[in-house]
Structures are given as C-alpha cells and as structure tokens.
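Starting from 1, each residue takes its place in the sequence as its number.
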Amino acid sequence: MVDGKVCNAATDTASTMRCFICGQTSKDFNKLIQPKEINVESLKFGLSILHARIRFFESLLHVAYKLPLKKWQARSPEDKKVVKETKEKIQRNFKDEMGLLVDIPKAGFGNTNDGNTSRRFFANPECSSRIIGINLDLIVKFKIILEVISSGYCIDPVKFDTFALETAKMYIDLYGWHPMTPTIHKVLVHGAALITHAILPIGQLSEEASEARNKHYGQYRLHFARKFSRVDCNRDILHMLLLSSDPYISNCRQRQHKKTEPFSKEAVNLMIANAPPIPPTEDDRDSGRNMEDTEEGDYEEDNDKEYDDEEEDEYDDGENDDKQYNSN
C-alpha cells in the first residue's frame, strides 16, 4: 500500500483536502453524505495504515488548540493569539505529565509528532483526554479503530462499519465545527469498503515494508555499491535488495521478538471469530515452550515506523482555504 500523497497523485486529486475515493472536500466530510458514485479503482490503494495513527493524533491536537474558539479557522489576530496560547499550554502539560515533546519543529525536517509519540498518546487515553480536553470516549474509539486496522487479522466489515459510523457521529456531535481530516474521513466512512475489497487482511497491506526499505537503500548504497558509475551503483543496490528480500534467505534470519500486548475486547469483537490467538503467560515462557513458531507481532498492533517526510498536508488554518474550494 502507499501513503496519501501517492494516492492523490495516482487518482489525479489536486487538493490534499479532497477525498480521492469519493471526491468530497473537507466542507462535506461532516455531513456524512453517501456519494452517488465511488471510484472503485481507488479502493485498491487501501488504507495508509502506517501513518494513520499520527494523522488521528494530529487531528485531535488541532481540535484541542481551537476548543476555546470553537472555530475551524483562526483568522483574526485575537483568535490566532488564543490558539497559540492554548497550543503552548498543551505542549507544557504533555512535557510535564507524560514527558512528550508534541508538535515541536525539528531541525531539518518535520516535527516531533512521530509514531512513538502518537502511540503513547493513545496508550494512556485518560491522561491524554485530561491534557487536551477532548472527550475520552472519542479517543478510546479512535484507539480501537487504529488497533483493529493495524492488527493484521481479518475484520468483520459489517461490525467495523457500524462502529466507525458511531464514531463519526460522535465526532460530529462533539466537534462539528471542525471538519474531519481526509484520513479520518477515509477510515470512518470508506473503511468497510476498503476492507471488503482488500485481497488480504487490511493490516497486512501496510506501507511499512516499503518505508523500511528507505533505510536499507541508504545502507546498501553506502557499503555495498560501486561509486564510480551510476549504472553500476544502481545495479549493485538492486542486487542487494533482491538478495535481502529472497524468501529463503529471509526465513534463515533469526527472528527478533517484540514486546507485545493483547488486543482489547472491543477490538477483538470487530474481528472475525477465532482470529487472534490467546497471548502466552509467563508460566508458558518459563516452561520452555517453543515460541519460535509464533508469528512475529501476533499479539500486538503492527509496529509503526513513521517518516516525517511522508506527512500529509491535512491542516489549514485559513491562509489557503480559498484554493481548497475553487475546484467546487
């Protein structure tokens, strides 16, 4: 699968605030209007699962910044000052209570809103809700949805669609003045259709593998490629990529066991029966049970490796809003 920018380019979607599946813009997201026509070909791009957690996290942050105003766009100097003060207060509270640096620019690229930050945010919804002032039930529902779509197991599309629609209605009832971001709209409104059209469980179609290859590309070019010819350099890199992706060689590697946690009951209820196995106990590990045959990551969500240079431009404070709607 690919991220949002590639999906927009492949479907000729000019604006990042327009859904590449149904063509709706941000001003229509909160209406929950079922479009008359859906681009079926665009469903093959799936969900950008790897970056979805960060997108949900940042969406809640931007809603929290504008809670005192209850307006999507802060245009006047007074409104911008209120948003800035609220943002600084939330950043201080995150640093004091959770030790997180939130929404702070990093030198050279992106900001501090990476996968680890968003994971810790949803891992402690009570504290996160208290800091940003967003409804606790909404954060929990977002957490369950993210847990399910990244699980790698088969999902019941009917149950998921019902749960996602309830979540969307809750968001609109609480924060209807702030439109959903394209990622939230895609997951809540089109998630069931994307799950149905996927040839594998949607969590197995993450863009994590292709993103991880960026690191390998740099390593192979630095250490295993000839530098005197561009053709030979690219050929050597391609040979290393083919070797490292060979199924037999990959199975010969020693697996790294990751820290795992069981799924929540709400997440299991959205999956097809008997999908997730029972997590092992400490007694099972001490008894010498062979854990090598266990699929890596069976008892947790997929490990998100986030790259800030792939971020979607989903938030507009009002400066470029005219460009978003000219196409309408």
Side-chain angles (χ1 to χ4, degrees), residues 1-29 33 35-59 62 106 108-111 113-115 118 146 149-150 179-200 202-218 221 230 234 237-238 241 245 302 304-328:
M1 295 293 103
V2 292
D3 65 0
K5 288 185 177 180
V6 177
C7 295
N8 289 339
T11 56
D12 296 327
T13 303
S15 174
T16 57
M17 295 297 291
R18 180 183 293 274
C19 176
F20 67 87
I21 297 177
C22 63
Q24 293 181 346
T25 57
S26 57
K27 67 178 183 180
D28 298 321
F29 288 165
I33 300 175
K36 296 180 180 180
E37 295 183 1
I38 292 180
N39 185 3
V40 180
E41 287 295 321
S42 63
L43 295 177
K44 64 183 179 182
F45 295 111
L47 296 171
S48 302
I49 297 173
L50 186 65
H51 301 93
R53 192 186 303 272
I54 295 182
R55 303 284 85 76
F56 275 62
F57 167 57
E58 290 182 331
S59 175
H62 284 79
K106 297 175 68 175
F109 66 95
N111 56 29
N113 295 339
D114 55 12
S118 59
L146 293 169
I149 63 176
S150 61
M180 299 181 190
T181 61
T183 297
I184 294 181
H185 166 80
K186 180 172 63 176
V187 173
L188 298 186
V189 178
H190 304 299
L194 291 166
I195 291 171
T196 303
H197 283 75
I199 59 176
L200 292 173
I202 196 69
Q204 298 182 18
L205 300 176
S206 170
E207 67 271 30
E208 180 178 359
S210 60
E211 292 284 356
R213 280 315 223 176
N214 294 332
K215 177 182 66 176
H216 297 160
Y217 177 86
R221 187 182 185 281
R230 290 186 178 181
N234 290 332
I237 294 173
L238 181 60
L241 291 173
S245 61
D302 287 345
D304 299 337
K305 294 181 180 179
E306 314 296 351
Y307 293 85
D308 292 317
D309 56 347
E310 299 290 345
E311 289 184 351
E312 300 173 356
D313 182 15
E314 294 189 343
Y315 310 105
D316 189 340
D317 290 332
E319 292 82 356
N320 300 320
D321 58 306
D322 294 334
K323 298 181 179 179
Q324 299 171 4
Y325 306 126
N326 285 341
S327 59
N328 295 333

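- In plain terms, the two heavy atoms of Thr11 and Ser42 that are nearest each other are CG2-CB, 4.1 Å.
- To the nearest 0.5 Å, atom OG of residue Ser59 and atom CD1 of residue Ile54 are 13.5 Å apart.
- Here Leu188 contributes atom CG and Met180 contributes atom CE; the two are 5.5 Å apart, rounded to the nearest 0.5 Å.
- You'll find the side chain of Ser48 reaches within 4.5 Å of the side chain of Lys186, heavy atoms only.
- Residues Ser26 and Pro179 approach most closely at O-CB, 3.3 Å, considering heavy atoms.
- When all heavy atoms of Ile202 and Gly46 are compared, the closest pair comes out as CD1-CA, 4.4 Å.
- Using a 4.5 Å cut-off on side-chain heavy atoms (C-beta onward), Met17 and Thr25 make no contact.
- With hydrogens and angles disregarded, a donor-acceptor distance shorter than 3.5 Å links the side chain of Arg18 to the backbone of Gly23.
- Interatomic distance, Leu241 CG to His216 NE2, rounded to the nearest 0.5 Å: 9.0 Å.
- The shortest non-hydrogen separation linking Leu47 to Ile149 is CD1-CG2, 4.3 Å.
- At distances below 3.5 Å, not a single donor-acceptor pair connects side-chain atoms of Arg55 with backbone N or O atoms of Pro182.
- Between His190 atom NE2 and His197 atom NE2 the span is 12.5 Å, to the nearest 0.5 Å.
- The distance from atom OG of Ser118 to atom CZ of Arg53, rounded to the nearest 0.5 Å, is 6.0 Å.
- Classification of the Phe29-His185 ring pair by plane angle, with boundaries at 30° and 60°, yields parallel.
- Across all non-hydrogen atoms, the minimal contact from Ala198 to Leu205 is CB-CD1, 3.8 Å.
- Side-chain N/O atoms of Thr181 and Thr183 include no donor and acceptor closer than 3.5 Å.
- Note that the SG atom of Cys7 and the CD1 atom of Ile21 stand 8.0 Å from one another [nearest 0.5 Å].
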